[in-house]
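Each ligand, and each atom within it, is numbered from 1 in the order the structure gives.
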Amino acid sequence: MPRYAYVNGRYLPRAQAAVDVEDRGYQFADGVYEVIAVIGRRPVDLEPHFDRLDRSLAELDIDAPCGRPALGLILRRLVWLNKLHDGIVYIQVSRGVAPRNHAFPPFGTRPSLVMITAPRRPPGEDAVSRGASVICMADNRWGRPDIKSVSLLPNVLAKQQAVQSGATEAWFVDRDGLVTEGSATNAWIVTKNREVVTRPLGRELLAGITRAAVAEAAKMNNFKLVERPFTVEEAKSAAEAFITSTTSFVMPVTSIDGDPVADGAPGPVTRALLEAYRRKVYGAEGEGA
Ligand SMILES: Cc1ncc(COP(=O)(O)O)c(C=O)c1O
């Protein structure tokens with residue numbers, strides 16, 4: 001267990017770190033979060049994560065708990081205290097502590113800031129070769145999954161259903177049969193003429209930081225990037241499919257609802273994008289899996 005957690009101004013031994021029982025994050029899921037990868041002690045894409053955190057807070061009218069430089073300092077100090085080499089930092093900001101009442105506290109509250117770390121190795125060659133199996137299900141989330149809210153119950157239940165059926169990830173599908181995103185990943189396909197396709201950003205999906213980095217890598221590597229929705233049927237008959245996230249990087253999808261995608265092995269475009277993403281996060285040497 002990492003030694004320290006940060007809670008509202010204090011770096012506490014992990015076992016003593018706690019929030020108030022009337023924290024609105026705990027009672028109402030009235031809060032937002034970020035998960036940031038740390039590779040070789042360095043946070044990956046820190047500014048884009050902080051930008052998204054600011055946006056989530058603004059959308060919910062929650063004050064920033066501190067300025068961005070202070071947030072960066074806290075994060076780096078925690079990484080140092082916990083001797084974190086490869087892993088993640090989890091940041092949660094809630095509206096704060098107040099007597100339980102659905103409406104916002106009338107006199108405002110100080111937002112609560114919690115940060116924890118966890119060691120985690122980036123996906124290695126074994127995981128990439130195996131790929132991810134995906135099952136599809138109706139998107140039953142609220143109307144604003146673009147906000148990175150801690151209210152994740154539908155995502156939790158979807159992922160659990162995937163795990164119980166022996167799959168890796170669940171893809172949410174909207175009323176028109178179009179894939180929105182995964183329970184904790186963005187969804188992509190590669191068409192037979194090597195177009196790299198992902199759903200355009202909108203209120204119905206999260207603007208993944210890895211999604212943005214991979215979209216950039218696709219363009220830099222001369223792949224045609226097309227932002228449009230796709231159906232489950234199109235994904236099943238695509239040349240390749242993959243998912244992206246802070247912790248799964250670029251992970252091939254080798255089956256959808258039990259049907260293999262193409263020959264059921266990771267495809268060349270997915271592998272090229274994974275390599276491009278690894279080069280970005282590891283630096284020029286491309287230190288590998
Ligand atoms: C619903 C959802 N979509 C997409 C993602 C991928 O986002 P990122 O690449 O910023 O990790 C996540 C990550 O947690 C997520 O929860």
Side-chain angles (χ1 to χ4, degrees), residues 29 31-39 43-57 59 75 86-93 116-118 120 122-123 132 134-163 168-174 178-189 196-218 225 227 229-230 235 241-253 270 273-274 276-278 280-281:
V32 301
Y33 75 106
E34 281 296 324
V35 176
I36 299 169
V38 171
I39 308 276
V44 176
D45 278 336
L46 192 57
E47 292 305 315
H49 279 285
F50 283 175
D51 288 344
R52 188 171 65 185
L53 180 65
D54 282 348
R55 178 180 181 277
S56 297
L57 290 168
E59 289 291 328
L75 183 145
D86 293 332
I88 55 125
V89 178
Y90 174 85
I91 304 176
Q92 179 168 328
V93 182
I116 55 175
T117 69
R120 188 167 176 147
V134 159
I135 59 168
C136 299
M137 59 191 68
D139 196 339
N140 59 353
R141 298 175 298 166
W142 72 316
R144 297 299 306 276
D146 60 314
I147 300 172
K148 204 163 168 59
S149 145
V150 294
S151 176
L152 286 174
L153 194 52
N155 307 56
V156 166
L157 298 178
K159 181 79 172 194
Q160 181 60 17
Q161 202 175 317
V163 168
T168 326
E169 173 62 309
W171 275 2
F172 289 121
V173 181
D174 71 14
L178 301 162
V179 175
T180 45
E181 61 178 334
S183 75
T185 56
N186 287 111
W188 303 67
I189 57 170
V196 177
V197 179
T198 196
R199 189 172 178 125
L201 295 181
R203 290 191 159 203
E204 66 285 3
L205 74 161
L206 186 74
I209 305 301
T210 322
R211 177 192 178 282
V214 171
E216 188 58 31
L225 174 74
E227 293 189 73
F230 55 85
F242 63 93
I243 49 181
T244 56
S245 77
T246 294
T247 50
S248 48
F249 285 24
V250 178
M251 179 59 69
V253 170
T270 304
L273 293 172
L274 171 59
Y277 184 70
R278 279 183 177 151
K280 173 188 142 61
V281 299

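- Using modelled atom types, one side-chain atom of Lys159 and one backbone atom of Thr168 make a donor-acceptor pair closer than 3.5 Å.
- More than 12 heavy atoms of other residues, nucleotides or ligands sit less than 6.0 Å from atom CZ of Arg144.
- The backbone N or O of Lys148 lies less than 3.5 Å from a partner atom in the side chain of Ser56, making a donor-acceptor pair.
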Write none if no such pair exists; otherwise list each N/O atom of ligand 1 with its protein N/O partner under 3.5 Å and the distance.
residue: ligand 1; atom: 3 (N); partner: Glu181; partner atom: OE1; Å: 2.6
residue: ligand 1; atom: 9 (O); partner: Ile209; partner atom: N; Å: 3.3
residue: ligand 1; atom: 9 (O); partner: Thr210; partner atom: N; Å: 3.0
residue: ligand 1; atom: 9 (O); partner: Thr210; partner atom: OG1; Å: 2.6
residue: ligand 1; atom: 10 (O); partner: Arg52; partner atom: NH1; Å: 2.8
residue: ligand 1; atom: 10 (O); partner: Arg52; partner atom: NH2; Å: 3.0
residue: ligand 1; atom: 10 (O); partner: Ile209; partner atom: N; Å: 2.8
residue: ligand 1; atom: 11 (O); partner: Thr246; partner atom: N; Å: 2.9
residue: ligand 1; atom: 11 (O); partner: Thr246; partner atom: OG1; Å: 2.6
residue: ligand 1; atom: 14 (O); partner: Lys148; partner atom: NZ; Å: 3.0

Please lay out, stage by stage, how Leu205 and Asn186 fare under the test side-chain contact (heavy atoms from CB on, under 4.5 Å). CA-CA 8 Å; Leu205 74 161; Asn186 287 111; 3.8 Å; yes
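- In this structure, Thr180 contributes its side chain and Glu204 its backbone to no donor-acceptor pair below 3.5 Å.
- Ring orientation note: the planes of Phe242 and Trp188 are close to parallel, at an angle under 30° on the 30°/60° scale.
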